[in-house]
Asks: 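I have a structure here, written as structure tokens, and I will follow up with some questions on it.
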Amino acid sequence: ALPTAPDDAAAPTGAAAPSRPGPGGYPGGVATRRMTPFYRFAARGAIIPFLKGVSRQHVTGAENIPRDRGFIAVANHLSDLDSLTAMRALVDEDVPIYSLIKSGLYDAPVLGHVFKAGGQIPVYRGTAKAGDALVEAERRLALGDPIMIFPEGTLSRDPLQWPMTG
């Protein structure tokens, strides 16, 4: 379970209000991102070894990853492996990443359990619950968690793999 930020509204009248969290939602402003054992196993024990077998990855700029607060990582969606390769770059730096994913993947029989246990955020497109994903992403950002989004929300359909237009 993710920690929650203090709620000043919950303090009884006359009682000392809880201290406000620093940047990243943590007292003192230092986010202590920890991968759950499942996340660590899935990422380092299964996904990353698979990716190393089917692809090459060279990452530059890892020193620019914020270590003291949440952030939003943004990428185009050109293949089925985009979220995994982006996750690999961050997990290699000991930064767990939480992606907004379409609910169809989240509800899949086996894969869905992996996404749920890994703390990924489902997006229920075209429903009254669609905005819930943004509320959850904002909550996690405030707690110091990094969020991955793919603005197109789906794979590019352009034959040259250019970003889609609205």
Side-chain angles (χ1 to χ4, degrees), residues 1-7 21-125 127 129-155:
L2 295 169
T4 57
D7 181 2
Y26 293 88
V30 178
T32 55
R33 297 184 190 123
R34 284 177 273 159
M35 292 183 213
T36 64
F38 178 83
Y39 192 112
R40 187 174 303 282
F41 167 75
R44 293 203 171 136
I47 296 169
I48 290 175
F50 165 75
L51 289 173
K52 286 181 178 180
V54 299
S55 66
R56 278 185 248 161
Q57 186 168 346
H58 176 75
V59 177
T60 60
E63 68 278 2
N64 297 312
I65 297 170
R67 305 295 176 160
D68 61 345
R69 64 191 179 279
F71 62 90
I72 299 173
V74 181
N76 287 331
H77 208 348
L78 302 175
S79 79
D80 289 326
L81 296 179
D82 292 334
S83 61
L84 297 178
T85 55
M87 181 239 12
R88 174 185 170 190
L90 293 163
V91 170
D92 282 348
E93 295 295 320
D94 275 337
V95 176
I97 189 81
Y98 303 99
S99 297
L100 276 71
I101 62 169
K102 62 183 175 182
S103 61
L105 292 174
Y106 199 78
D107 295 333
V110 175
L111 199 53
H113 294 293
V114 173
F115 288 132
K116 289 173 190 171
Q120 306 311 303
I121 303 169
V123 179
Y124 294 91
R125 299 176 188 176
T127 72
K129 293 174 24 174
D132 293 353
L134 294 177
V135 171
E136 178 62 11
E138 182 180 32
R139 182 184 80 80
R140 298 220 198 150
L141 281 167
L143 294 172
D145 289 332
I147 301 295
M148 170 66 76
I149 63 170
F150 296 90
E152 295 174 313
T154 191
L155 295 175

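For the numbers below, each heavy atom of this structure counts, side chains included, while hydrogens, waters and symmetry mates do not.
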Asks: Determine, step by step, whether V114 and F38 satisfy the side-chain contact (heavy atoms from CB on, under 4.5 Å) criterion, reporting the C-alpha distance in whole Å, the side-chain angles of both residues, the deciding distance to 0.1 Å, and the verdict.
Replies: CA-CA 9 Å; V114 173; F38 178 83; 4.2 Å; yes
Asks: First locate atom CZ of F115, then atom OG of S99, and finally report the distance between them rounded to the nearest 0.5 Å.
Replies: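 It comes to 8.5 Å.
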Asks: Just so I know, are the side chains of K102 and V123 near enough to count as touching, which here means a heavy-atom distance under 4.5 Å?
Replies: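 Not in contact.
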Asks: Does the T127 side chain pair with the main chain of Y124, one donor and one acceptor, at a distance under 3.5 Å?
Replies: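 It does hold such a pair.
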Asks: Applying side-chain contact (heavy atoms from CB on, under 4.5 Å), run through I47 and M87 and close with a yes or a no.
Replies: CA-CA 9 Å; I47 296 169; M87 181 239 12; 3.4 Å; yes
Asks: For residues R139 and V135, determine if any side-chain heavy atom of one lies less than 4.5 Å from a side-chain heavy atom of the other.
Replies: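 With C-beta onward as the side chain, the pair stays apart.
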Asks: Which heavy-atom pair separates P96 from P146 by the least distance, and what is that distance?
Replies: O-CG, 2.8 Å
Asks: Find the distance between CD1 (I149) and CD1 (I72) and round it off to the nearest 0.5 Å.
Replies: 5.5 Å
Asks: Would you say E138 has more than 12 foreign heavy atoms packed within less than 6.0 Å of its CD?
Replies: no
Asks: Can you name the nearest heavy-atom pair linking A133 to L100, along with the distance?
Replies: CB-CD2, 4.1 Å
Asks: Spell out, as yes or no, whether a donor-acceptor pair under 3.5 Å connects the side chain of Q120 to the backbone of G118.
Replies: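 At least one qualifying donor-acceptor pair exists.
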Asks: Is R88 reaching over with its side chain to a backbone N or O of A43, donor-acceptor style, under 3.5 angstrom?
Replies: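 Absent.
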Asks: Are the charged groups of R67 and D94 less than 4.0 angstrom apart, N to O?
Replies: no
Asks: Answer yes if the ring centres of Y98 and Y39 are under 6.0 angstrom apart, and no otherwise.
Replies: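 Ring centres of Y39 and Y98 closer than 6.0 Å.
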Asks: Could you check whether any side-chain heavy atom of V59 comes within less than 4.5 Å of a side-chain heavy atom of D92, counting everything from C-beta outward?
Replies: no
Asks: Using the rule side-chain contact (heavy atoms from CB on, under 4.5 Å), only one of I101, I147, L134 pairs with I121; which is it?
Replies: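 Passing option: I147.
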